[in-house]
Amino acid sequence: VSPRGRRLSLAALVAAADASLALAYQSPLPALALLALPAASLLVRPLAVHARLARILVWISRALLALAAFRADLGLPLGLALGVLSAVFLLDERSFSTGRVLLPAVVGIVIAAGANPLAAGYTPGAWLVFAVVVVWLGLSPSGALRPRRLVTLVVFVAIAAGLAHALIVFLPWAQPHVEETAARYMNPNVEAGLSIGARLGDIERLGLSRRVVLRMWSDEPMSLRAGVFARFDGRAWAPAPPTRPADFLTARPLPGPPPSWADSVPGEWQQPLSPPPPPLAFARFVASEHGAGVLPAPALTAAVKISERPVRFDEFRVLQAPPVPAGVYGIAYASGPAPLLPGDDGRPVYLETPAALDTRVRALAETLGGSAGSPAEKIGRTVADLQSRCRYSLEPGQWRTQDPVAEFLFDKKKGYCEYFASATVLLLRLQGVPARYVNGLSVREANRRRDHYVIRASDAHAWAEALVPGVGWVAVDSTPAGEYAQLHPPEDPNLLADLLDRIAGGWTELVARLRQGGWKEAVRIAGEAARRVLPVASPFLLALGLYSLARRWKRGGAKPVRARAPSRPTIAPELGACLARMEAVWMKNGHPRPRHRGPLEHALSIPPERTTPELRRLGVEVAECFYRGVYAGETIPPAELERLARAVHTAQATPART
Amino acid sequence: VKLLPEAVQRYLRGLAQPRPLREFPIIGGPVRAFEFRLTPRGQFLFLALVVFAVLGVDTRARMVYVPFSLAAGLYVAATIFGFRSRPKAGLECRVPDRATVGRTLRMHAEVSADRPHSDLFLAWPPLLESPVPLPLSPANTFVSVDGGPARVAFEATPARRGRYVLRGLRLRGTDPLGLVTTEPVTTPDSTLLIYPRYYTMDSFDIPLGRRYQPGGIPLTSSTGDAIEFVGTREYRPGDAVRNIHWRSWARRGEPVVKEYQEEYFCRIAIILDTFLEKGASDAEKAGFESTISMVASIADFFSRSEYIVDILAAGPDVYEVSAGRSLAYLDNILDVLACIEPCYDPPFQTIGPHLFEKLSQLTTVVAILQDWDDRREAFLRRVRAAGVAVRAVIVHEGPTTRDWQGAADDLGSVQLLTPAQIEDAIRAEARA
């Protein structure tokens with residue numbers, strides 16, 4: 001690019017930045033003035049600004065740039081000042097370096113223009129700057145704009161513009177989401193998830209964590225129990241002291257045929273002493289984390305296939321295993337309520353209520369029917385009353401009393417599953433129905449993604465279990481299902497999310513299987529992968545092989561090794577011959593050149609008294625000509641070479657100086 | 001600090017030494033990517049991108065996210081193009097082995113390719129080893145190959161003597177806007193030795209003396225016999241048969257033998273005083289450089305005379321430079337002088353034993369000193385006492401620590417020069 005073209009493109013860049021400023025602030029007068037300045041600078045002959053003044057101007061522009069970065073409210077005046085300075089900088093490219101002075105000033109103008117958050121015209125202005133930058137950069141690398149390069153340039157600009165446009169749309173959209181996520185990460189206590197207890201009234205706003213905790217392959221959705229609590233002090237649930245020893249599972253074969261996926265789960269089938277009778281259903285789980293060693297499972301679990309040991313049922317038939325980072329396990333289960341275990345029905349803890357219970361709660365229990373009616377009727381009335389009285393909300397707000405259940409029922413009348421479950425248990429107990437609080441994971445049809453269910457931390461749920469004589473512990477979920485579903489959106493079925501989810505799921509399963517199954521499992525996984533990939537990949541592999549064979553055949557052998565640049569210079573024959581003759585002259589005159597000494601150094605080191613000035617000058621000339629030709633890459637004019645060759649020839653023919 | 005274990009001291013010293021960011025373990029990778037994979041305009045774009053990112057982080061407060069998006073689009077597209085393979089082009093660059101301080105060094109690179117290439121970027125990476133930066137002009141440039149090979153000329157004017165190891169020149173492909181580069185094609189690394197400046201002395205008088213050298217120059221060079229052939233004479237009984245000159249016998253009809261003569265010549269040791277106080281001023285360092293230039297000039301003078309410089313004692317190290325049949329000893333000396341560093345402990349104790357061992361074969365010791373004090377005077381007196389002539393040149397600005405003129409009468413020839421005088425002589429020669 002010629003100096004004039006370069007100046008023109010720089011002026012266009014400054015003008016584009018000025019235009020973006022004018023568009024951002026919708027101020028035509030400064031805009032016109034600004035746009036006129038770069039044009040005027042092209043008409044003026046380049047100046048030589050005094051060095052001190054140039055330094056002062058550069059520092060002023062830097063200060064303005066810094067101010068533009070920190071003071072958004074001064075955007076317009078700072079932008080105008082930088083615009084004027086940029087026009088001055090265009091006048092003297094030597095004093096004001098393009099990279100160090102002019103371009104930062106242009107960046108400053110763009111920043112100052114962007115300081116106005118309501119500038120509708122700013123985006124077109126920024127695109128204008130982008131276009132000028134692209135043209136300027138596209139033209140300035142050396143080389144002609146050939147069709148091939150033009151095509152590459154167009155493709156490049158299309159990609160860049162597409163990405164830029166996507167970002168311009170995406171960033172304002174993403175900001176609230178990013179802020180929300182960041183806020184959630186900064187305060188993890190307010191996120192939904194499994195916990196070892198439940199303390200009511202502490203959380204004013206519950207967030208829904210999208211963290212995947214479990215993946216389930218099953219024919220149907222179900223609720224998975226992870227903890228059962230019987231004691232309630234008015235605010236927090238706690239487990240009741242155990243009355244029976246834990247029921248350890250032992251390895252035994254299943255009564256019926258195992259499911260098809262059984263081989264992909266390491267370990268053996270383990271069963272309790274008295275498993276529920278068939279028919280059994282099966283489900284396979286990949287857990288990203290085992291919360292406190294609990295394996296979420298349905299109430300009537302008959303057997304579990306897992307490599308960890310020991311596995312046991314606790315007093316409430318919650319499945320427990322050694323805590324591990326991640327794992328794969330399979331479950332065989334029967335459908336129905338939780339079994340009634342010996343001694344379960346007569347425990348007074350299931351009818352306990354907090355000592356300082358609000359009288360309104362007792363009154364409500366009385367209103368619901370007191371002790372009249374069957375347990376099933378009481379359960380029905382209680383659930384109906386709760387669902388009509390309170391609504392499901394993740395934002396119950398600030399708590400003012402020490403009795404969150406009463407506040408939930410009578411004041412706020414909104415809350416999430418823990419409040420509904422706690423209120424249900426209390427009201428049932430006040431009506432004489434033994435009840436307990438259960439937490440776990442609620443798997444719904446909305447969790448399904450392709451062939452499995454994705455269970456996230458936000459699917460943590462709480463419900464009640466009430467004892468119905470002759471049936472057992474019946475799950476009672478008073479949380480309004482419609483409102484719950486509304487606030488727990490289904491899995492997003494878009495392609496990217498699906499792909500990412502498949503990768504994440506596959507990776508979790510792979511890690512879990514490798515950790516649990518060792519090298520045997522690794523071999524099995526490799527075999528499975530090969531069986532899946534080979535039928536798909538073999539045509540491609542075959543095509544690739546044929547292509548490489550064809551290329552090799554076309555090339556006529558192996559790929560040539562790229563020749564490295566020679567380390568020693570190649571010397572033009574005439575130049576080499578001239579220097580060789582000069583060396584002969586030096587030798588003849590008693591000054592042979594040592595191998596380690598450069599020709600020029602040697603020519604200069606011959607003492608003047610031991611040579612003639614002509615010979616010395618000739619030696620220096622030949623050496624310098626040699627240097628220019630060999631190291632500086634110059635082409636020595638044939639006339640010069642011939643003159644030197646003739647002079648050296650004459651010197652060679654002259655008798656040596658004695 | 002001295003109470004700490006040596007390893008800890010070394011570690012602390014290492015921390016205190018400034019290291020380029022690119023050599024640090026974790027951040028070194030990104031810094032290297034920034035320095036080498038981005039062209040200057042790519043670096044500018046990247047920095048602008050960072051500024052836009054910082055200022056545009058709140059999309060509600062400012063609209064700087066728009067230029068950020070535009071810059072990011074360009075940068076990402078350029079990075080995608082940067083993943084292409086290295087350019088299919090040949091690169092050749094010739095770097096001379098030796099040069100002299102202050103003399104412009106010219107070299108050129110030749111880029112050739114089978115098909116036209118527009119977006120090639122040629123850049124010199126930072127020097128692998130150098131006493132001071134060697135600014136190569138241009139440090140980087142875009143190249144286009146269209147038709148024949150493209151030639152790019154580079155220049156550098158070394159400001160200080162020393163050993164410079166230049167990393168190979170890198171030729172990289174770039175995206176169409178020349179922002180991000182691909183993997184490079186490189187030339188091999190090369191070593192460049194920069195000699196100190198020196199001037200051509202017309203004369204340098206030394207106290208002369210001739211000392212018998214059994215075996216002559218060849219023995220000095222540790223190879224061959226004494227073969228200073230002076231003529232022929234008639235055979236006398238007892239002469240060795242191997243000395244018979246067969247052609248003369250055939251011509252004269254009587255046996256003739258070759259006659260040799262043992263040699264006497266001057267053998268000189270040059271002693272360079274490299275002692276410099278720690279934290280020496282710039283003037284003292286410049287004086288040190290002038291001292292080295294003086295030694296180079298003297299060695300150059302001797303190389304043009306009948307003298308043989310056998311030993312160069314520079315600082316605590318002693319070099320026997322007459323090896324190789326005495327033909328290349330000036331280059332040997334200049335090679336040593338190119339790489340000499342100041343010695344922070346007085347070196348005379350160290351070089352003493354080695355030098356005194358050789359004194360019996362030397363005629364003259366030429367000492368180039370930076371000052372005159374008791375230690376230096378005692379050293380030269382010991383040399384003089386061994387029967388060797390002494391010629392001392394003091395390169396010093398201002399009065400010396402001790403008066404040197406008193407000792408000059410006993411020692412022989414002592415001369416005081418100022419660094420400015422040496423500089424003047426060098427400049428005068430450069431002008432000539």
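A, B, ... follow the sequence lines: proteins, then strands. Residue 1 opens every chain.
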Open item on the list: Does B:Met63 form a side chain to side chain contact (heavy atoms under 4.5 Å, CB included) with A:Ile168? I'd like the steps, not just the answer.
Closed with: CA-CA 10 Å; B:Met63 293 199 71; A:Ile168 289 171; over 6 Å; no

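A:Val133 has its side chain out of reach of B:Arg41: every pair of non-hydrogen atoms, C-beta onward, lies at least 4.5 Å apart.
For a residue to count as touching a neighbouring chain, one of its non-hydrogen atoms must lie under 4.5 Å from one of that chain's; by this rule A:Phe70 touches chain B with the backbone only. Proximity to chain A is absent for every atom of B:Ala109, based on heavy atoms less than 4.5 angstrom apart. Only the side chain of B:Phe52 comes within contact range of chain A, with heavy atoms under 4.5 Å apart. Contact of A:Ala112 with chain B is not made at all, since no heavy-atom distance falls under 4.5 Å. Residue A:Tyr122 touches chain B through its side chain alone, counting heavy-atom pairs closer than 4.5 Å. Neither the backbone nor the side chain of A:Val157 comes within contact range of chain B; no heavy atom of the residue lies under 4.5 Å from a heavy atom of that chain. At a 4.5 Å heavy-atom cutoff, the contact between B:Phe68 and chain A is made by side-chain atoms alone. For B:Phe81, the part lying under 4.5 angstrom from a heavy atom of chain A is the side chain only.
The greatest number of non-hydrogen atom pairs below 4.5 Å with chain A, out of B:Ala77, B:Pro40, B:Ala71, is found for B:Ala77. Chain B forms the most heavy-atom pairs under 4.5 Å with one residue out of A:Ala126, A:Ala69, A:Ala113, A:Ser20, and that residue is A:Ala69. Contact count versus chain A (heavy atoms, under 4.5 Å) is highest, among B:Leu70, B:Val145, B:Leu74, B:Val152, for B:Leu70. Note on B:Asp58, B:Leu179, B:Ile80, B:Val51: by heavy-atom pairs under 4.5 Å with chain A, the leading option is B:Asp58. Residue with the most contacts toward chain A among B:Ala72, B:Ala153, B:Pro116, B:Ser190: B:Pro116 (heavy-atom pairs, distance under 4.5 Å). Of the listed residues (A:Gly75, A:Ala174, A:Pro104, A:Gly99), the greatest number of heavy-atom pairs within a distance under 4.5 Å of chain B belongs to A:Pro104.
For the atom pair B:Thr174 OG1 and A:Leu137 CG, the distance stands at 10.5 Å (nearest 0.5 Å). Between atom CG of residue A:Leu103 and atom CG of residue B:Leu47 there is a gap of 12.0 Å, rounded to the nearest 0.5 Å. Here the CD1-CG distance, from A:Ile159 to B:Asp175, works out to 10.5 Å after rounding to the nearest 0.5 Å. Rounded to the nearest 0.5 Å, atoms CG (B:Leu105) and OH (A:Tyr627) are 9.5 Å apart. Taken to the nearest 0.5 Å, the NE2 atom of B:His117 stands 13.0 Å off from the CZ atom of A:Arg149. With rounding to the nearest 0.5 Å, the separation of OH in A:Tyr631 from CZ in B:Arg94 is 9.0 Å.
Residues passing the salt bridge (Lys or Arg N to Asp or Glu O under 4.0 Å) test with A:Arg100: none are found, sequence neighbours excluded. Every residue meeting the side-chain hydrogen bond (donor to acceptor under 3.5 Å, both in side chains) condition with A:His602, not counting sequence neighbours, appears here in chain and number order: A:Arg597.
In this structure, A:Leu163 and B:Val76 approach most closely via the heavy-atom pair CD1-CG1, 3.5 Å. Taking all atoms of both residues into account, the shortest heavy-atom contact from B:Ser69 to A:Leu171 is OG-CD1, 3.6 Å. Between A:Pro172 and B:Thr59, the shortest heavy-atom distance links the atoms CA-OG1, 3.7 Å.
More than 12 heavy atoms of other residues, nucleotides or ligands shown are found within 6.0 angstrom of NE2 on B:His108.
With B:Arg62 contributing its side chain and A:Asn116 its backbone, the two residues share no donor-acceptor pair below 3.5 Å.
For the side chain to side chain contact (heavy atoms under 4.5 Å, CB included) criterion with B:Pro67, the lone passing option out of A:Ile111, A:Val110, A:Val129 is A:Val110.
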